[in-house]
K.L.:
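This is the structure I have questions about; it appears just below.
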Protein chains: 2
Amino acid sequence: MTRMRVVLVDDHALMRQGIRTILSAHPDLEVVGEAASGEEAIDVVLSTRPDVVCMDVEMPGIGGLEATRRLVANPDVTAHVLMLTTFEREDYLLAALDAGASGFLLKNARPEHLVYGVRSVAAGEALLAPELTRAVIERAVAQERGESAAGPAGAVPESLTEREVEVLRLLAQGLSNDEIAEKLLVGRSTVKTHVSNVLMKLALRDRVQAVVFAYRSGLVG
Amino acid sequence: MTRMRVVLVDDHALMRQGIRTILSAHPDLEVVGEAASGEEAIDVVLSTRPDVVCMDVEMPGIGGLEATRRLVANPDVTAHVLMLTTFEREDYLLAALDAGASGFLLKNARPEHLVYGVRSVAAGEALLAPELTRAVIERAVAQERGESAAGPAGAVPESLTEREVEVLRLLAQGLSNDEIAEKLLVGRSTVKTHVSNVLMKLALRDRVQAVVFAYRSGLVG
DNA sequence: AGGGGCCTCCGTCCCCAGACGGAGACGCCT
DNA sequence: AGGCGTCTCCGTCTGGGGACGGAGGCCCCT
């Protein structure tokens with residue numbers, strides 16, 4: 001495979017330099033451009049045609065959200081957007097996914113996580129910061145806004161109940177329904193109900209995918 | 001739960017200090033003793049009764065392997081041994097498990113990995129350095145030595161073939177047998193055969209546990 | 001007093017997964 | 001030439017997983 005082309009967008013030159021340094025350590029990644037604002041980002045992306053755009057949320061002028069919205073709306077742009085932010089805020093996450101971002105990471109993520117994120121997003125996969133995914137799962141997220149807006153791939157998990165998270169954790173250890181039932185001191189049928197609810201809420205097909213989700217989201221691991 | 005008591009064994013004081021610093025950052029871990037040789041280690045363990053012993057392999061006098069052997073043979077010792085070494089050598093790994101170690105990590109492991117390892121071993125779980133587990137899986141390990149010696153829990157995976165590793169990787173993405181078959185351009189029956197072989201060789205029950213194994217071993221994730 | 005959410009449980013149905021046994025083709029090594 | 005290991009594929013059979021519908025008890029909120 002050819003190298004993945006990356007564009008960095010951040011109003012802080014130091015942050016761009018830091019990300020560039022991290023990505024440069026990996027031969028399959030190539031930083032082909034930088035921008036310091038949302039407006040500039042659009043120009044740079046159009047001229048460099050990257051696979052991934054690492055986009056800061058907080059920027060003067062049009063921020064990362066609006067820039068992302070314009071990029072994904074442009075049919076000439078094939079890049080996937082990986083959103084970066086300093087703040088662990090779920091509303092940012094939802095807004096970013098709404099704007100069409102493919103991934104969402106915190107800036108305090110470990111370098112390997114960033115690299116992994118860039119690769120994942122380039123491959124068209126979705127990616128969420130473990131810290132936030134866990135929060136979204138464990139806490140009840142206010143989702144009352146009907147908002148029938150074009151939710152592309154979404155995959156934003158509805159809130160799981162405490163019990164469901166508990167079941168998911170055991171499931172992700174490789175336990176069968178019977179074993180989970182024994183651990184939780186409930187009936188096998190109850191466990192099956194919980195598992196079914198988890199799969200439905202997370203839009204997964206079977207328990208195998210649930211294990212994958214648990215590991216990727218940082219719920220276990 | 002009470003704090004986990006840890007003893008550090010290494011002939012290099014600097015290394016002990018480094019590990020101590022890392023572990024001290026975690027309030028659930030408490031370093032209760034240090035030793036600079038295998039002989040001293042046994043004395044210290046007997047007097048401090050730790051939950052975990054972080055044991056260097058390479059030491060003058062009786063090395064970490066022999067010290068471990070003597071510790072686990074002693075009925076008064078309840079501690080689990082986490083083996084540490086600088087060198088990525090499979091023979092060390094096998095010897096360490098043979099000696100009765102519960103875990104095996106490289107010294108260049110990230111601090112969080114070490115902490116995670118101490119906790120895992122304290123809980124009685126097995127732990128292998130991802131770098132080595134991957135190697136053990138992917139490469140064919142010369143296992144012709146029948147060696148009917150008392151293999152305690154072992155769980156040392158036999159070698160998987162290339163194809164089997166390939167199947168395991170896809171399996172660990174959450175794919176069904178049919179989907180894997182499509183990706184590999186083979187029949188569904190073939191995939192089932194490979195999956196069965198993987199489960200047998202790794203002593204796992206079903207594909208769910210295979211996914212867990214793949215993540216924990218570092219094969220994917 | 002009602003309603004809604006969560007946890008609990010039941011039964012039925014269907015399908016995938018995995019075990020098991022057997023088999024042919026190919027390449028490598030002796 | 002023969003043996004071995006890998007990859008390929010087939011059949012059958014059993015068990016568990018998951019969907020679906022229904023149900024009762026509990027607690028909290030209005």
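What you are looking at is a predicted structure, and each value in this text was computed from that prediction instead of being measured.
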K.L.:
Rounded to the nearest Å, what distance is computed from the CD atom of residue A:Glu162 to the P atom of nucleotide D:dC26?
P.N.:
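In whole Å, D:dC26 P lies 19 Å from A:Glu162 CD.
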K.L.:
Go through residues 173-180 of chain A and report each residue with a non-hydrogen atom lying under 4.0 Å from DNA chain C, sorted by number.
P.N.:
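The stretch gives none, as no residue of it lies under 4.0 Å from the strand.
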K.L.:
Tell me the interatomic distance from B:Arg163, atom CZ, to C:dC26, atom P, rounded to whole angstroms.
P.N.:
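Checked: the CZ to P distance equals 16 Å.
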K.L.:
Under the side chain to side chain donor-acceptor pair (under 3.5 Å) test, which residues partner B:Asp28, sequence neighbours left out?
P.N.:
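With sequence neighbours excluded, B:Asp28 shows a side chain to side chain donor-acceptor pair (under 3.5 Å) to B:Arg119, given in chain and number order.
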K.L.:
Starting from C1' on C:dA19, measure out to CG on B:Asp206 and report it in whole angstrom.
P.N.:
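Rounded to whole Å, this separation is 13 Å.
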K.L.:
Can you name the side-chain contact (heavy atoms from CB on, under 4.5 Å) partners of B:Asn177, sequence neighbours left out?
P.N.:
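B:Val191, B:Lys192, B:Val195, B:Arg207.
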K.L.:
To the nearest Å, how far apart are B:Lys192 NZ and D:dT14 C1'?
P.N.:
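Atom-to-atom, B:Lys192 to D:dT14, this comes out as 11 Å.
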K.L.:
Does B:His194 have a side-chain nitrogen or oxygen under 4.0 Å from the phosphate oxygens OP1 or OP2 of D:dT6?
P.N.:
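For D:dT6, neither OP1 nor OP2 has a side-chain N or O of B:His194 closer than 4.0 Å.
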K.L.:
Specify the closest pair of heavy atoms between B:Val6 and B:Cys54, including all atoms of both residues, with the distance to one decimal.
P.N.:
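Where B:Val6 meets B:Cys54 most closely, the heavy atoms are CG1-SG, 4.0 Å.
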K.L.:
Once side chain to side chain donor-acceptor pair (under 3.5 Å) is applied, do any residues pair with A:Ser196, and if so which ones, sequence neighbours excluded?
P.N.:
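Residues passing side chain to side chain donor-acceptor pair (under 3.5 Å) with A:Ser196: none at all.
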K.L.:
Mind checking side-chain contact (heavy atoms from CB on, under 4.5 Å) for A:Glu182 and listing every partner two or more places apart, or none if nothing turns up?
P.N.:
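Applying side-chain contact (heavy atoms from CB on, under 4.5 Å) to A:Glu182 gives none.
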K.L.:
Excluding sequence neighbours, so at least two apart, what forms side chain to side chain donor-acceptor pair (under 3.5 Å) with B:Arg5?
P.N.:
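Partners of B:Arg5 by the side chain to side chain donor-acceptor pair (under 3.5 Å) criterion come out as none, since no residue qualifies.
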K.L.:
State, to the nearest 10°, the angle formed by the axis through the first five base pairs of the helix from C:dA1-D:dT30 to C:dT30-D:dA1 and the axis through its last five.
P.N.:
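What I find for the helix from C:dA1-D:dT30 to C:dT30-D:dA1 is an axis angle of 40°.
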K.L.:
Please enumerate all residues that pass side-chain contact (heavy atoms from CB on, under 4.5 Å) together with A:Thr193, with sequence neighbours excluded.
P.N.:
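A:Thr193 satisfies side-chain contact (heavy atoms from CB on, under 4.5 Å) with A:Asn197 only.
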K.L.:
Can you see which heavy atom on B:Val32 is nearest to which on B:Pro50, and at what distance?
P.N.:
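Looking at all heavy atoms of both residues, the shortest contact is CG2-CB, 4.3 Å.
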K.L.:
Quick one: CE on A:Met83 to CG on A:Leu105, what's the gap to the nearest 0.5 Å?
P.N.:
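Atom-to-atom, A:Met83:CE and A:Leu105:CG are 11.5 Å apart.
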K.L.:
Tell me, please, which residues at least two apart from B:Ala41 pass side-chain contact (heavy atoms from CB on, under 4.5 Å).
P.N.:
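In terms of side-chain contact (heavy atoms from CB on, under 4.5 Å), with neighbours along the sequence ignored, B:Ala41 is linked to B:Val9, B:Ala35.
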K.L.:
Do A:Thr193 side-chain and C:dC7 base share a donor-acceptor contact under 3.5 Å?
P.N.:
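No pair found.
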K.L.:
Between P on C:dC7 and CD on A:Glu166, what's the gap in Å once rounded to a whole number?
P.N.:
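These atoms are roughly 9 Å apart.
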K.L.:
Output yes when at least one side-chain N/O atom of A:Ser196 is less than 4.0 Å from OP1 or OP2 of D:dG18, else no.
P.N.:
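For D:dG18, OP1/OP2 do not have a side-chain N/O of A:Ser196 under 4.0 Å.
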K.L.:
Pull out every residue in residues 182-190 of chain B that has a heavy atom closer than 4.0 Å to any atom of DNA chain D, ordered by number, or say none.
P.N.:
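Residues of residues 182-190 of chain B that come under 4.0 Å of DNA chain D are, in numerical order, B:Val186, B:Gly187, B:Ser189, B:Thr190.
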K.L.:
Once side chain to side chain donor-acceptor pair (under 3.5 Å) is applied, do any residues pair with B:Arg49, and if so which ones, sequence neighbours excluded?
P.N.:
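Once residues adjacent in sequence are excluded, B:Arg49 has no partner under the side chain to side chain donor-acceptor pair (under 3.5 Å) criterion.
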K.L.:
How long is the line joining CG of B:Asn197 and P of D:dT8, in whole Å?
P.N.:
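Going from CG in B:Asn197 over to P in D:dT8 covers 12 Å.
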K.L.:
In whole angstrom, what separates B:Arg207's CZ from C:dC15's P?
P.N.:
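Taking atom P of C:dC15 as the reference, CZ of B:Arg207 is at 18 Å.
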K.L.:
So, is B:Arg205 close to the C:dA17 phosphate, meaning a side-chain N or O under 4.0 Å from OP1 or OP2?
P.N.:
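No, B:Arg205 has no side-chain N/O under 4.0 Å of OP1/OP2 on C:dA17.
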K.L.:
In this structure, how many angstroms lie between the P atom of D:dG5 and the CE atom of B:Met200, rounded?
P.N.:
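To the nearest whole Å, that distance equals 13 Å.
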K.L.:
Partners of B:Asp178 by salt bridge (charged side-chain N to carboxylate O under 4.0 Å, His left out), sequence neighbours excluded?
P.N.:
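By the salt bridge (charged side-chain N to carboxylate O under 4.0 Å, His left out) rule, B:Asp178 matches B:Arg188.
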